[in-house]
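What follows is a single structure, written as structure tokens, with notes after it.
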Amino acid sequence: MEAQYRPEVIEPEAQQHWEEKQIFKATEDLSKPKYYCLSMFPYPSGKLHMGHVRNYTIGDVLARYHRMKGFNVLQPMGWDAFGLPAENAALANNVAPAGWTYANIDYMRGQLKRLGLAVDWSRELATCKPDYYRWEQWLFTKLFEKGLIYKKMATVNWDPVDLTVLANEQVIEGRGWRSGALVEKRDIPMYFMRITAYADELLSELDNLPGWPERVKIMQRNWIGKSFGVEIHFPLLPSPALTPSPSPSGRGELRAADAGEKAGGAGGEGTTSASPEPVLKVFTTRADTLFGVTYVAVAAEHPLAHEAAAGNPELAAFIHSCKQGSVAEADMATMEKKGMDTGRKVYHPFTNEPIPVFVANYVLMGYGEGAVMAVPAHDERDFAFAEKYGLPIRPVIKPVDGELTLPLGEAYVEQGVLFDSGDFSGRASQDAIEKIALVLKNLKLGEKRTTYRLRDWGISRQRYWGCPIPIVHCPTCGDVTVPDTQLPVVLPEDVKIDIGSPIKKMPSFYETACPKCGGKAERETDTMDTFVESSWYYARYACPENAEAMLDERANYWLPVDQYIGGIEHAILHLLYARFFHKLMRDVGLVNSNEPFANLLTQGMVIADTYYRDLGEGKKQWINPADVEEREGVTVLKADGQPVTVGGTEKMAKSKNNGVDPQSLIDQYGADTARLFMMFAAPPEQSLEWSDAGVEGANRFLRRLWKTVYEHVEAGEVGSDGFDLSGLTPAQHDFRRLLHTVITKVSDDIERRKQFNTAIAANMELMNALVKLEGNDAQTRALKQEALEAIVLMLAPIVPHICRSLIKALKPGTCLMGAAWPVVDESALVRDEIELMLQVNGKLRGKIKVAADASKDSIEQAALDSPDVQKFMDGKPARKVVVVPGRLVNIVV
RNA sequence: GCCGGGAUGGCGGAAUCGGUAGACGCAGCGGAUUCAAAAUCCGCCGUUGGAAACAACGUGGGGGUUCGAGUCCCCCUCCCGGCACCA
């Protein structure tokens, strides 16, 4: 064995061995339990950052641990290769997105391999390859035919200067990131996936996911946002200016799940119903406050708003001003709440009192009916709005056991008891909601309804670098899906990029014949949201080379994924879409399980400081943390010494250029040190502010481990028969108990707690004790052999390269890949004496040693006899003695 | 704004079910080794008072429950993630 730890020698050697022997190639094997371990695949942004190292090391530790526990492990890897950054890079560097993407994949694959991941590379996939996305297109056509994909209008960010649609990320402070122009909202036709049809199942199945973090399930529940309420119809007074012209529609029965569909069409359903009388529909979860309604507010896109604006230039201007700004909900929610009276009025369904209708910029067209009844006395937002516009505030709910202080200083939002509410006065809120719904139903002015916050998923993107939507627009046949035989619709890769998608200007792409009638037709030139690709890749890994089908029976062998690992930022969108897709695939017969991911580990963000220079008009130049330094208290760019602006601390991302490349760390210390340091720095679920302080310590520990094994091995072979467990000295006995306590703890830390920092700490503690173990006799050497073997095997999932070398040195002829996880010797854990803490009035005052099997009475007596305790009892009698077995005794005086 | 999470020594963190706060590591300080340095090894290392023994205080801030609270409950502050076209 070499005296020096040389990662630059042993790491490539180990990696080459694993690759040549195809150690990690997974095959379906019914003789072992399967373990499908999946880390979220990376977007090939250029280089790995620390978040990737964290993510993939966590996955690798779990994959390697389960392999040692006898599982048939699959750990695949691939590339989430379509996306906006490729187009940005193409624009900046005048290269094709495809070439840029493939070059990044090649570089990053090399980096991942250098980390020594136990990945089956034979299953590698990239979502931008036709052999992958053709199945996405195939599924699209099936879903379109089933009505699970449909077309409707939707609102996007429009850059009036560059004449392009902008992603939310490209809107900075209300302006386009390149042009600096004020962004406008614009309605365009898009394809939607009917995720709302699965809302109930997506919600209820969360209860069948015990292996998911509670916080993620809570976020998904809130996102789906099922609420029980009442739809209320406010009859419209005839317009003072015009005769009302309700758009004809027989679809007044459409429920909330479809609300978005009609909303986008800006269709008129909102002002119509089955009854001939025009009504304004609102949805509320607080029907008990109905008598407190003092105005009704509609979204700027609401048909009634448009109608009212026809003869009212001021209102038209206000509605137009609501169109300014991004469509992002965060922007909508934080902007100043503004409104304007439409001049139109509705009747209160019970009192027949006329109520004004406002247009308000805070009412969202996409949720419910695009209209709300406002109760300033019992809703904070309505209260603020009413104060601003001098609208009446009419309290109708009071606390069950008290009175309201009038006038109200703020909205009283709790449920309570109704007053000033006609026949409903005196009823409790819940009871009143039921009764009011019933009476409204009898009057045909409303009914109980369930709504969801969840909206259907708009998947059209007006971008180039994505999967083409397999639709042909035929002037005679309409939207026709591309038949299986004509798939895939291949995205041309050799393109020139400027503003706007090149395939929209490429007749060779969009000119085609209608698959139905053979007439002249045009292809859809929008591409799909990249979330579509990442919604099913986990299943394709089971059969990535299958050219005949999207999935085959191997998917049912491997699925569901036993352990999914990825950033907490995906808690809602990606994970919800993937769950949705799994159910879609189940319902077309591709998989037989209900959920894709049995266990989920949400890794905390690796965050880093951001730095930028303002280029004006909302444009910023982001500067990498590696390129700045502090000079005399000022943060400056190293290159020119000029100051930079310090931004916030945010997740490492391409867009903020704050990713730290792990390559120099790996080059300097090796992959094992990088892996060990990353796992030791913090528990996986916690967010981690990046700092390389402590890397030295991780490397030092590995050198120390190497040296300890080296010295042990150099001292000669240890006879396996020289180990006499009954003849251990007390110190040796204590050490062996520590060893087996640590094996118990580390197993639990990795398998159940998934907290690797403490698993590493326990091994360090054991190493510290081992180094202090005196003596060179056969007993001691056998004990050290047992401990070193266990430490090396316990650390193997985390630092596999060094452990491969060390196990070969400790047990010549053994192979790490065949090695099993260390087994606990329960008999080593037995103690005959334990230490108990002594408290007086909850304060620590001393400790005693008692026999492990001492009775409660004898423990109490021993505690009361202790001089440490008596000193603080001041001669007073014990009022109470609390004995916590195995822990402490608390004496209350 | 809404939803979710977090805050513990100079720093990263530990304390797993309400029961010894600060494991393990980093940095720092002192010592050994060395011609010297690096590396390595040994020791100290929450704050205040004290020569020490020891005592008091101490887990973002305020209040509460409990024999006992970093952990549970209420209120607040700040930070991080998400908010449907970043992935």
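Residue numbers begin at 1 in each chain, while the letters A, B, ... track the order of the sequences.
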Mind checking whether Tyr537(A) and Phe41(A) have ring centres under 6.0 Å apart?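 Close enough - the centres of the two rings lie under 6.0 Å apart.
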Taking [Y]'s backbone N and O only, do any of them form a donor-acceptor pair with [X]'s side chain (distance below 3.5 Å, no angle check)?
{"X": "Arg753(A)", "Y": "Val746(A)", "value": "no"}
{"X": "Asp379(A)", "Y": "Arg381(A)", "value": "yes"}
{"X": "Asn157(A)", "Y": "Lys185(A)", "value": "no"}
{"X": "Ser460(A)", "Y": "Tyr191(A)", "value": "yes"}
{"X": "Thr610(A)", "Y": "Gly648(A)", "value": "yes"}

Between N or O atoms, less than 3.5 Å apart, protein on one side and nucleotides 47-49 of chain B on the other: list the pairs.
none

What's the [atom1]-[atom2] distance between [X] and [N], to the nearest Å?
{"X": "Asp749(A)", "N": "A15(B)", "atom1": "CG", "atom2": "P", "value": "8 Å"}
{"X": "Arg700(A)", "N": "C24(B)", "atom1": "CZ", "atom2": "P", "value": "15 Å"}
{"X": "Asp529(A)", "N": "A84(B)", "atom1": "CG", "atom2": "C1'", "value": "9 Å"}
{"X": "Arg703(A)", "N": "C26(B)", "atom1": "CZ", "atom2": "P", "value": "11 Å"}
{"X": "Arg221(A)", "N": "C83(B)", "atom1": "CZ", "atom2": "C1'", "value": "19 Å"}
{"X": "Leu705(A)", "N": "C24(B)", "atom1": "CG", "atom2": "P", "value": "17 Å"}
{"X": "Met40(A)", "N": "C86(B)", "atom1": "CE", "atom2": "C1'", "value": "15 Å"}
{"X": "Leu688(A)", "N": "C26(B)", "atom1": "CG", "atom2": "C1'", "value": "14 Å"}

Between [Y] and [X], is there a side-chain donor-acceptor contact under 3.5 Å, judged purely by atom types and distance?
{"X": "Thr525(A)", "Y": "Lys504(A)", "result": "yes"}
{"X": "Asn768(A)", "Y": "Arg704(A)", "result": "yes"}
{"X": "Thr649(A)", "Y": "Glu689(A)", "result": "no"}
{"X": "Tyr710(A)", "Y": "Gln4(A)", "result": "no"}
{"X": "Thr451(A)", "Y": "Ser227(A)", "result": "yes"}

Cation-pi check for Tyr612(A) against Lys620(A): NZ or CZ below 6.0 Å from the six-membered ring centre and within 45 degrees of the axis, yes or no? yes
Quick one: is the NZ or CZ of Lys217(A) closer than 6.0 Å to the six-membered ring centre of Trp212(A), and within 45° of its axis? no
Please state the C1' separation for the pair G46(B) and U66(B) - nearest whole angstrom. 27 Å
Nearest-angstrom distance, C1' atom, G19(B) to A15(B):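 Here G19(B) and A15(B) have their C1' atoms 11 Å from each other.
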Checking contacts here: which listed nucleotide ([options]) is nearest the side-chain heavy atoms of [X]?
{"X": "Asn157(A)", "options": "C85(B), U20(B), C83(B)", "answer": "C85(B)"}
{"X": "Gln755(A)", "options": "C85(B), U16(B), A14(B)", "answer": "A14(B)"}
{"X": "Lys843(A)", "options": "U16(B), C57(B), A23(B)", "answer": "C57(B)"}

Base, sugar-phosphate alone, or nothing: which one does [X] contact when heavy atoms must sit under 4.0 Å apart?
{"X": "Ala328(A)", "value": "sugar-phosphate"}
{"X": "Val165(A)", "value": "base"}
{"X": "Asn768(A)", "value": "sugar-phosphate"}
{"X": "Val156(A)", "value": "base"}
{"X": "Gly567(A)", "value": "nothing"}
{"X": "Lys707(A)", "value": "sugar-phosphate"}
{"X": "His574(A)", "value": "nothing"}
{"X": "Glu569(A)", "value": "base"}
{"X": "Arg461(A)", "value": "base"}
{"X": "Phe680(A)", "value": "base"}
{"X": "Glu685(A)", "value": "nothing"}
{"X": "Arg753(A)", "value": "base"}
{"X": "Phe192(A)", "value": "nothing"}
{"X": "Pro42(A)", "value": "nothing"}

If you assign Thr758(A) and Leu84(A) each to the RNA chain B nucleotide with the nearest heavy atom, which residue ends up on the more 5' nucleotide?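 This one resolves to Thr758(A).
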Closest nucleotide of RNA chain B for Glu696(A) versus for Ser655(A): which of these residues is on the 5' side?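 Counting from the 5' end, the first nearest nucleotide belongs to Glu696(A).
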Structure string for RNA chain B in dot-bracket form, Watson-Crick and G-U at under 3.5 Å, | interchain: (((((((..(((......[....))).(((((.......))))).((((....))))..(((((..]....))))))))))))....
Could you tell me whether the side chain of [X] has a donor or acceptor atom within less than 3.5 Å of a complementary atom in the base of [N]?
{"X": "Arg887(A)", "N": "U20(B)", "result": "no"}
{"X": "Gln462(A)", "N": "C85(B)", "result": "yes"}
{"X": "Lys745(A)", "N": "U16(B)", "result": "yes"}

Can you classify the ring geometry of [X] versus [Y] as parallel (below 30°), tilted (30 to 60°) or perpendicular (above 60°)?
{"X": "Phe677(A)", "Y": "Trp690(A)", "answer": "perpendicular"}
{"X": "Tyr133(A)", "Y": "Phe82(A)", "answer": "tilted"}
{"X": "Tyr362(A)", "Y": "Phe385(A)", "answer": "perpendicular"}
{"X": "His574(A)", "Y": "His570(A)", "answer": "perpendicular"}

Among all residues two or more places apart in sequence or in another chain, which pass the salt bridge (charged side-chain N to carboxylate O under 4.0 Å, His left out) test with Arg463(A)? none
If you apply the rule side chain to side chain contact (heavy atoms under 4.5 Å, CB included), what do you find for Phe756(A) with Phe680(A), and how did you get there? CA-CA 7 Å; Phe756(A) 312 124; Phe680(A) 188 55; over 6 Å; no
Give me the distances for all protein-to-nucleotides 1-3 of chain B N/O pairs that come in under 3.5 Å?
residue, atom, partner, partner atom, Å
C3(B), O3', Asn222(A), ND2, 2.8
C3(B), O2', Asn222(A), ND2, 3.0

Taking only nitrogen or oxygen atoms into account, show me every contact under 3.5 Å that the protein makes with nucleotides 64-68 of chain B, one pair per line with its distance.
residue, atom, partner, partner atom, Å
C67(B), O2', Asn890(A), ND2, 3.4
C67(B), O2, Asn890(A), ND2, 2.5

Extract from the structure each pairing of a protein N or O with an N or O of nucleotides 71-80 of chain B at less than 3.5 Å, listing the distance.
residue, atom, partner, partner atom, Å
C80(B), OP1, Thr649(A), O, 3.3

